[in-house]
There are 2 protein chains.
Amino acid sequence: MTARISTQKKILNAAETLFSRDGFEQTSLRQITQEAGVNLASVNYHFGSKKALIQAVMARYLVVFMPVLEEQLQLAEQQSELKTEELFKRFKIPLAKLTEVNKHGPDIFLRLLGFAYSEIQGHLRKYTQQEFGGVLQHLLALLKRANPHLSEQQMFWRLHFILGAAVFAQVSGQALIEIAQAEFNQKVNAQDVIDHLIPFVSGGLEEA
Amino acid sequence: MTARISTQKKILNAAETLFSRDGFEQTSLRQITQEAGVNLASVNYHFGSKKALIQAVMARYLVVFMPVLEEQLQLAEQQSELKTEELFKRFKIPLAKLTEVNKHGPDIFLRLLGFAYSEIQGHLRKYTQQEFGGVLQHLLALLKRANPHLSEQQMFWRLHFILGAAVFAQVSGQALIEIAQAEFNQKVNAQDVIDHLIPFVSGGLEEA
DNA sequence: GCATGATTTAAACATGCGTTTAATCTAATT
DNA sequence: AATTAGATTAAACGCATGTTTAAATCATGC
């Protein structure tokens, strides 16, 4: 007995597939509704607008990801010694949790996040800022404690470089992963990319 | 006696201003021709298409930048010891050369390059790959020599992270620069960003 | 000073987008 | 079985985009 899937869920599923593959702006409502097998107008009926649909797609992951990340940061805070790489590694736990949303949740979420930042979607940036703001402030405070040798300015720029490296890796991700797989003859997924990314950004951040 | 500026140049100038500020996709031909004070159809008359205009805008900088970069890499190659940070610093010379094209040439070019990679403009990626390909291969070879402790895979990913950090810094650049200026009360330009970027990517690349 | 080819112009074209409308269908309630 | 609120549908709307057309204008060589 296959459970009937509501139109809303069909739209969300199709949207996240296409958004994570092609980006938000590059994906039209017509593509989404066709993929979902529903009528074009149903997006506006159920979600109000494309903007709202995008936020709904993000929300399914954020509500899982954010609390677990905050939890991890609090655990880190209690440790006697704060190491940069340790802090970044903490991201892996909330990320892994996303498999509960979708088998490929971690990959999808990271790519969505990448597009959210790389496309100049004012509204999405505001939205994630709003949702992420507190936790990111927390992370920043911990990184400062772990790297007291860095000035405010150095920290400011390096954090944004890190964000850029992470975002870019995800957005160019599929193409890069395909190249990497062809070149090194082994399966690569988003988690592997993270494992490569962590030492890189840790080294970059700590550099004198 | 102000020399008469050809329609083509007017278009190129207006286009590079708007492209570097808002990106390629976000800038319409109507905006460009209005800014340039020329007729809408003149873009297609003189350049054939928007794609071709974008490439023409890039070409003005690439033809200056690329030979100087290649020259610098050859100089680096002759040195006895190759240091990572040394290699990245070499980018500053061809970049500075771009002031000959435009007073703010370095800033403009970096932002254009950022958009070229961050927007999924297949044609532009192919174009830059085609133009840059050889020189980038050269850079990769030198970086490998400077970092023999890194595996092929580590090098592959870290190079792309570096690209991401650099691109992102430029694309989010203006917004970030404004934040930084407000926060630290000092003028910031693209060159300063590069100066922050170089130790970061060097540290990240070298990390064991 | 005219003819000719290059350029500029205003207008229209074709396409794709997000959104809205109004009619129709569905399913639960009375 | 009739009513009614919710969901779905096909169609159109309004707008913006890159591109093309065909006429008008300009500049150049004879």
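What you see below is based on every heavy atom in this structure, not just the backbone, and it leaves out hydrogens, waters and symmetry mates. Just so you know, these numbers come straight off a predicted model, no measurement behind them. Naming convention: chains lettered A, B, ... in sequence-line order (proteins, then strands); numbering from 1 in each chain.
Side-chain contact of Gln31(A) with Gln26(A): a donor-acceptor pair under 3.5 Å is absent, judged by distance alone.
The distance from atom NZ of Lys51(B) to atom C1' of dT19(D) is 14 Å, rounded to the nearest whole Å. We find that CG of Leu53(A) is positioned 15 Å from C1' of dC17(C), with the value rounded to whole Å. For the pair Phe47(A) CZ and dT19(C) P, the computed distance is 13 Å after rounding to whole Å. Taking atom CD of residue Glu25(A) and atom P of nucleotide dT17(D), one finds them 13 Å apart after rounding to whole Å. In this structure, the CD1 atom of Ile11(A) is 14 Å from the C1' atom of dG18(C), given to the nearest Å. Rounded to an integer number of Å, the gap from Lys50(A) NZ to dG18(C) P is 4 Å. Rounded to a whole Å, the CG atom of Leu29(B) is 19 Å from the P atom of dA11(C). The distance between atom CG of Leu18(A) and atom C1' of dG18(C), rounded to the nearest whole Å, is 16 Å.
Classification of the Phe91(A)-Phe65(A) ring pair by plane angle, with boundaries at 30° and 60°, yields tilted. Using the six-membered ring where Trp is involved, Phe24(A) and Phe115(A) have ring planes that are perpendicular, over 60° apart on the 30 and 60° scheme.
Phosphate proximity of dT7(C) to Thr7(B): absent, as no side-chain N or O sits under 4.0 Å from OP1 or OP2. Listed pair Ser28(A) / dG16(C) fails the phosphate criterion, with no side-chain N or O lying under 4.0 Å from OP1 or OP2.
Between the CE atom in Met58(B) and the CG atom in Leu53(B) there is a gap of 12.0 Å [rounded to 0.5 Å]. Atom CG in Asn147(B) sits 3.5 Å away from atom OG1 in Thr84(B) (nearest 0.5 Å). One finds the CG atom of Leu150(B) at 9.5 Å from the CG atom of Leu143(B) (value rounded to the nearest 0.5 Å).
Looking only at distances, a side-chain donor or acceptor of His160(B) sits under 3.5 Å from a matching main-chain atom of Phe156(B).
Residues from residues 31-46 of chain A with heavy atoms under 4.0 angstrom of DNA chain D, sorted by number: Asn39(A), Ala41(A), Tyr45(A), His46(A).
Looking at heavy-atom distances under 4.0 Å, Ser6(B) makes no contact with the nucleic acid at all.
Put simply, the side chain of Arg30(A) and the base of dG16(C) share no donor and acceptor less than 3.5 Å apart.
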